[in-house]
Participant: 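First the structure, which I've put down as structure tokens, then a few questions once you've had a look.
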Amino acid sequence: METYRSKPWDLRDIAPKSIDQTKKIIESKTKKLELQRKKFTNTISSQQFISFIQELESLRQECEKLGVFVQLRFSEDSTNQKAIAEMSQ
């Protein structure tokens with residue numbers, strides 16, 4: 001029977017350069033989208049709508065990437081205080 005040795009995940013591909021900077025980017029993109037809310041009327045152009053959807057998708061990707069990174073790092077070592085703190089943010 002083959003035994004499996006656990007080893008840490010390689011999270012370099014999804015690790016943000018700075019979690020705090022990524023959170024600032026997310027906040028900035030969110031505020032930008034919130035300001036566009038007043039454009040949502042019956043007269044919104046298709047180009048404006050598509051632009052909004054693209055910006056929304058960009059925001060979602062930033063959120064997902066950060067969320068997955070933090071969750072995987074926490075799952076790797078649930079006693080890591082830094083990972084616990086990041087999960088709570």
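Just so you know, these numbers use all the heavy atoms, side chains as well, and skip hydrogens, waters and symmetry mates. What you see is a predicted model; the values in this text were computed from it and never measured.
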Participant: State, to 0.1 Å, how close S78 and I84 come at their nearest heavy-atom pair, and which atoms those are.
Facilitator: O-CD1, 3.4 Å

Participant: Just by modelled atom types, is the Q47 backbone N or O under 3.5 Å from a matching donor or acceptor in the S51 side chain?
Facilitator: no

Participant: Excluding sequence neighbours, so at least two apart, what forms salt bridge (Lys or Arg N to Asp or Glu O under 4.0 Å) with E86?
Facilitator: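 Applying salt bridge (Lys or Arg N to Asp or Glu O under 4.0 Å) to E86 gives R73.
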
Participant: Which distance, rounded to the nearest 0.5 Å, do you find between the CG of L59 and the OG1 of T30?
Facilitator: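 Between L59 CG and T30 OG1, I get 4.5 Å after rounding to 0.5 Å.
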
Participant: Report whether I44 and I50 are members of the same hydrophobic cluster (ILVMFWY, side-chain heavy atoms less than 4.5 Å apart, transitive linking).
Facilitator: no

Participant: When rounded to the nearest 0.5 angstrom, what distance separates CD in E27 from CD in E62?
Facilitator: 13.0 Å

Participant: For D13, does the CG atom sit with more than 12 other heavy atoms under 6.0 Å from it, leaving out its own atoms?
Facilitator: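 Atom CG in D13 is not crowded, with 12 or fewer foreign heavy atoms closer than 6.0 Å.
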
Participant: Distance from C63 atom SG to K65 atom NZ, nearest 0.5 Å?
Facilitator: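 It is 12.5 Å, given to the nearest 0.5 Å.
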
Participant: With rounding to the nearest 0.5 angstrom, report the CG to CZ distance, N80 to F74.
Facilitator: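 These two atoms lie 9.5 Å from each other.
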
Participant: Do other residues, nucleotides or ligands put more than 12 heavy atoms under 6.0 Å from the CZ atom of F40?
Facilitator: yes

Participant: Quick one: pull up OG in S18 and CD1 in I25 and give me the separation to the nearest 0.5 Å.
Facilitator: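 Reported value, rounded in 0.5 Å steps: 8.5 Å.
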
Participant: Hey, could you give me the CG/CD distance between L56 and Q61, rounded to the nearest 0.5 Å?
Facilitator: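 Answer rounded to 0.5 Å: 10.5 Å.
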
Participant: Tell me whether I14 shares a hydrophobic cluster with I26, the cluster being built from Ile, Leu, Val, Met, Phe, Trp, Tyr side chains joined at under 4.5 Å.
Facilitator: yes

Participant: Could you walk me through whether K31 and E34 pass the salt bridge (Lys or Arg N to Asp or Glu O under 4.0 Å) test, one step at a time?
Facilitator: CA-CA 5 Å; K31 287 178 184 176; E34 287 173 347; over 6 Å; no

Participant: Apply side-chain hydrogen bond (donor to acceptor under 3.5 Å, both in side chains) to D20 and list each qualifying residue two or more places apart in sequence or on a separate chain.
Facilitator: none

Participant: R37: which residues meet the salt bridge (Lys or Arg N to Asp or Glu O under 4.0 Å) condition with it, sequence neighbours left out?
Facilitator: none

